[in-house]
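Report on the following structure.
Excluded from the calculations below are hydrogen atoms, water molecules and symmetry mates; all remaining heavy atoms, backbone and side chain alike, are included. By convention in this document, chain letters (A, B, ...) are assigned in the order of the sequence lines, proteins followed by strands, and residues within each chain are numbered from 1.
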Amino acid sequence: MSNAPHILVIDDEPQILRAIRTILTEKQFRVTTASRGEEGLSLAAAHEPDLMILDLGLPDMDGVEVCTRLREWTQTPIIILSVRDSERDKVAALDQGADDYLTKPFGIEELLARVRVALRHSARAQGTQTKIVKAGPLTIDLAWHIVKREEEEVKLTGTEYKLLAYLAANHGRVLTHQSILTHVWGPADADHTEYLRVYMRQLRKKLEANPERPQYILTEPGIGYRFIADE
Amino acid sequence: MQNSSFLSSLWKYLLAFVLIASITAILFVWRDALETTLVALLYLIPLGMITAQFGLGPGITSAVITFFTFNYFFIEPHYTFTVHQPADAVILIVFLIVAVVISQLVGRAQAGLSAATAREHEATQLYELSTALAGLPNDHAIAQILAKQVHAVAKGEYVELNITGTRSFIYQLPGVARPTRLPELIIPIEAARGMLGEIRLWRAEPPISPREQRLFQTFASQSALALERAWLAQAESRAQVLEESDRLKSAILSSVSHELRTPLSTIKAAASSLRSKDVSWDSPARVELVAAIDDEADHLNMLVGNLLDMSRIESGALKPKREWNILPEIIEGVLARMKNLAAEHRIEVDVPESLPLVPVDYVQMEQVFTNLVSNSLKYAPPSSVVCIRARQEEDWVHVQVRNQGPHIPLDDLERIFDKFYRTTDAERVTGTGLGLSICKGIIEAHSGRIWAENVHGGLAFNFTIPLSWDGAKPPQLPIDTETE
């Protein structure tokens, strides 16, 4: 059992801690909890958990700041919890290095899915990079820059490919507008969300069976995009 | 300044002397033809003129000098100050008395006139100030007018107002550097309830006269009245806003506690029966109960979200984070999320591909579509069509969400966007009655307009949003076309 992933949960609401602890323990995770930012930071340093779940609304310090301070010394995945309508804080935390987010109230499947993606991603970051990403009928070969749909090559423009490759390499994770724009277009264009909107639409038309109900390239309203690949 | 006033009074004396000398010269030429009494009378003319023109001082001085010249040149024996004839002595004395009395009378009339002019001037300035102050809505505007007026009237170097009343602030005359020394004059602005602040005036030369000081004191009391009036008006409107929001709060409480309790009751009932041993683990009822808890929790979450949105709109904290967005993407996202709710209806989307990018807040616009569509789904009969249509109309985008629901009485078409307003009785349809007013708040925050209209066979919600944003038109994007 000691090999089970260790998760640190930082939240000031005891009911939430209780619920998350119950569910995660049930799913064979080891769970440590903290109810304040400072406490969370010192527990993180002491236990070096495999994953952290961090509430943005802590009483003693700003969740975004906790994120920043953690990222000074560790790359352990961080999933942030926040309430609706705090897109600005979510985006700030994600741009400060948080890996994913959940909006309260959330379903438990959602929580577990995020936890799985984050753990897999951190395992991948330590090992070798995935070369081939599969999502339904789509195959994206990141080494050879080839995108296939049902074994048929899809022609993408240079920018479209760069965009898709970045999404696919981080499949399962939410990517903020700013991080995608900076990565694909460069820091000078980090504010041009409209580029993303237009290119995502083109990509969906070329890749999705029904571009109006995308299954693989998902919009995270107010935050960014997420690429869903096969597990 | 002082130097020049001394010079000007010296001039007056000099001119008076010159005038007397020239009159004396003229009379001297005609001396043999003129009688002594006539000379005395003729002498009175310049004396009157001098007093009228130059004031009492030069007048009296000239009278005395004339007395001597008259005696010296015109009364026998000539070129002496002695008098031989008793009649001449009488003439001389009468002349002196008349000259002095005339000078004094004319001088006093003159002084009275200039005092009246000064008073009239003050009255005009005071009138100008009170006219300017009348109806000013806030203390800053009052301070500005007062400082300007004091500065102009005093011809001072600098004016500063330190307002310490309900809201304290310092108003400094713009465009002029504040002198480093202490102000020459400080006048308190006092009202019945105490000190409201003070006027600080810098003017080294000429020194501020008591008359000016009195004038500025009147200025101060005028502005004290204006300040008090402005503050009272503000307090009153604040009280009105408070009363309004109080009423809103109790409306929210009564409407919401009912709405919140419904899902809570379901959740409580379902959860407690799951805990009891009455429901076996594999019964279909268990699945039902769990689903009910999940659905009602979502419902509760939505209600709370609506309340938060409403309070944000009410407090003016709803600031759209505008970005250039593709309208169909927003609509598709909403419809994908609502597909369970919309299972009984057909939703058609009619938006041309050529529609330009729209400058909107993605999340807020999702909210608008969610509320308009869910409102349509609530009231329109099952298996009817809800149509979402968008068109560019010059510099605007016009969106219409049209359903086949019942018509709304003409009087209610505007009121359905009011908080907690519902056309049908609350029993039939659930909701806080906030959905449409949230839409209104969001669309108006985007400088748009929203309205409802009865159309053939149904009801249509319309809204328009400007396509330009801070003057910027929808961007044309550099699309690369060559493939890898």
Q. Chain B contacts: which residues in residues 16-27 of chain A have a non-hydrogen atom closer than 4.5 Å to it?
A. none
Is the number of heavy atoms from other residues, nucleotides or ligands under 6.0 Å of [X] [atom1] greater than 12?
X        : atom1 : value
A:Arg71  : CZ    : yes
B:Asp350 : CG    : yes
B:Glu344 : CD    : no
B:Glu348 : CD    : yes

Q: Pick one of side chain, backbone, both or neither for B:Leu335, based on which atoms fall under 4.5 Å of a heavy atom in chain A.
A: both
Q: Measure B:Arg322 against the heavy atoms of chain A and call it side chain, backbone, both or neither at under 4.5 Å.
A: neither
Q) Between B:Ala297, B:Gly333, B:Ala336, which shows the greatest number of heavy-atom pairs under 4.5 Å with chain A? A) B:Ala336
**Q.** A:Pro214, part contacting chain B, at a heavy-atom distance under 4.5 Å
**A.** neither
Q: Of all the heavy-atom pairs spanning A:Pro211 and B:Glu332, show the shortest one and how long it is.
A: O-OE1, 4.1 Å
(Q) Any non-hydrogen side-chain atom of A:Arg201 less than 4.5 Å from a side-chain atom of B:Glu329? (A) yes
Q.
Would you say that A:Val198 contacts B:Trp324 through its side chain, given a criterion of any heavy-atom pair below 4.5 Å between the two side chains?
A. no
Q. Can B:Tyr362 and A:Thr219 be said to form a side-chain contact (heavy atoms from CB on, under 4.5 Å), step by step?
A. CA-CA 11 Å; B:Tyr362 192 103; A:Thr219 305; 3.2 Å; yes
